[in-house]
K.L.:
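Got a structure here, written out as structure tokens. Questions coming.
These numbers come from the heavy atoms of this one structure, side chains and all, not from hydrogens, waters or symmetry mates. Within every chain, numbering begins at 1; the chains are lettered A, B, ... in the order of the sequence lines, protein sequences first and strands thereafter.
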Amino acid sequence: MAWTEERIAKLKQGWEGGMTATQIAEMLGEGVTRNAVIGKAHRLGLESRPSPVKAAAEEAAPRPAPAPPPAPKAAEPSAPPPAPRAEAPIPAPQPPPAPVVAKAPAKPVKGGKQTRTTLLDLNDKVCKWPIGHPGEPDFHFCGKPVQPGFPYCGEHCLVAYQAQMPRKDRPRPLPPLPGAPRR
DNA sequence: CCCTGATTCGC
DNA sequence: GCGAATCAGG
């Protein structure tokens, strides 16, 4: 159905009157989804009515940067960083799945030689890509010098940040398996 | 789960 | 331009 003057008028009226997109869609008749309403409203430049998402986004913003001491930080994530989303580069479809690494049994580290980068060794300079899995005896981190501005070294940045494949030929997320645990 | 509006992007 | 699919917070 086309967007006639009349239908657009109703849309505007309802939108400005505080009706939800769903209500407006029902008002306009069958075959009109709330998506159609929202899409049209935006194209008309009507936008910006309280949106749960937008409202929350503005909430957590004011951060003038108190400039915290770059020094030591005892705090540490219970688990390794799940991989921050890239901004400029497009975020990878999946966060780094702790790369599987068949590791030989940890060798007895005699003396004080440290060969692994552990949780306590993490800082802004070293690659935080997990090697193995948390809980495993020799779980550790890559530890190589990071790519400036990233939490990982160049090699692991390549794995963590990948370009999005066009929706069209992107594999379907996979339908829920019968009997699979609900959520 | 439901709801909401916002956004993306193939058409 | 359209709107389904998707996202993300409530």
Side-chain angles (χ1 to χ4, degrees), chain A residues 1-68 73 75-100 119 122 124 127-130 133-134 141 146-147 149-152 154 156-183:
Chain A
M1 208 172 199
W3 282 105
T4 62
E5 291 281 332
E6 189 178 308
R7 289 160 53 73
I8 291 177
K10 284 191 175 184
L11 164 47
K12 281 185 179 177
Q13 184 185 320
W15 188 265
E16 290 167 12
M19 292 176 69
T20 67
T22 302
Q23 290 174 319
I24 296 173
E26 288 176 356
M27 173 180 75
L28 291 177
E30 285 185 37
V32 180
T33 65
R34 69 182 199 90
N35 283 312
V37 169
I38 292 172
K40 183 58 181 176
H42 281 214
R43 267 172 258 125
L44 287 173
L46 292 182
E47 81 193 291
S48 211
R49 270 203 306 157
S51 149
V53 174
K54 200 174 185 181
E58 295 173 19
E59 189 69 49
R63 181 161 296 216
K73 55 173 179 179
E76 39 63 42
S78 61
R85 296 269 162 171
E87 296 294 41
I90 307 175
Q94 302 189 356
V100 177
L119 212 46
L122 294 183
D124 292 342
C127 178
K128 303 176 184 59
W129 188 272
H133 300 81
F141 297 88
V146 296
Q147 198 73 343
F150 293 88
Y152 307 118
H156 288 132
C157 275
L158 291 181
V159 183
Y161 306 108
Q162 296 175 41
Q164 283 281 17
M165 186 181 294
R167 271 190 192 174
K168 186 172 42 174
D169 37 45
R170 189 191 305 170
R172 292 248 97 207
L174 72 107
L177 235 46
R182 306 202 78 268
R183 186 176 312 182

K.L.:
Are OP1 or OP2 of B:dG5 and a side-chain N or O of A:W15 less than 4.0 angstrom apart?
P.N.:
no
K.L.:
Taking CH2 from A:W3 and P from C:dG3, how many angstroms apart are they, rounded to a whole number?
P.N.:
7 Å
K.L.:
Using a 4.5 Å cut-off on heavy atoms from C-beta on, say whether the side chain of A:Y152 contacts that of A:L158.
P.N.:
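A side-chain contact is absent here, since even the closest heavy-atom pair is not under 4.5 Å.
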K.L.:
Whether A:H42 contacts B:dG5 is assessed here as follows: a side-chain N or O lying under 4.0 Å from the phosphate OP1 or OP2. Is that the case?
P.N.:
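A:H42 to B:dG5 OP1/OP2: no side-chain N or O under 4.0 Å.
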K.L.:
Kindly state which residues belonging to residues 27-41 of chain A come within less than 4.0 angstrom of DNA chain C, counting heavy atoms of the residue only, listed by number.
P.N.:
A:T33, A:N35, A:A36, A:K40
K.L.:
Can you see which heavy atom on A:F150 is nearest to which on A:C157, and at what distance?
P.N.:
CB-SG, 3.5 Å
K.L.:
Just N and O in the side chain of A:T20: are any of them under 4.0 Å from OP1 or OP2 of B:dC3?
P.N.:
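No, because none of the side-chain N or O atoms of A:T20 sits under 4.0 Å from OP1 or OP2 of B:dC3.
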K.L.:
Send over the distance from A:R43 CZ to B:dT7 P, rounded to a whole Å.
P.N.:
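Spelled out: CZ on A:R43 to P on B:dT7 is 13 Å.
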K.L.:
Can you measure A:Q23 atom CD to B:dC3 atom C1' for me and round it to whole angstrom units?
P.N.:
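Those two atoms, CD and C1', are 11 Å apart.
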K.L.:
Counting only pairs under 3.5 Å, give me each side-chain donor-acceptor contact of residues 6-18 of chain A, with atom names and distances, residues two or more places apart or in other chains.
P.N.:
unit_1 : atom_1 : unit_2 : atom_2 : d
A:R7   : NE     : A:A2   : O      : 2.8

K.L.:
List the atom pairs, with distances to 0.1 Å, where a side-chain N or O of residues 22-36 of chain A and a protein N or O form a donor-acceptor pair under 3.5 Å, not counting sequence neighbours.
P.N.:
unit_1 : atom_1 : unit_2 : atom_2 : d
A:Q23  : OE1    : A:T20  : N      : 2.8
A:Q23  : OE1    : A:T20  : OG1    : 3.4
A:T33  : OG1    : A:N35  : N      : 3.4
A:T33  : OG1    : A:A36  : N      : 3.1

K.L.:
Identify, residue by residue, the members of residues 6-13 of chain A with a heavy atom below 4.0 Å from DNA chain B, and return them in order of residue number, or none.
P.N.:
none
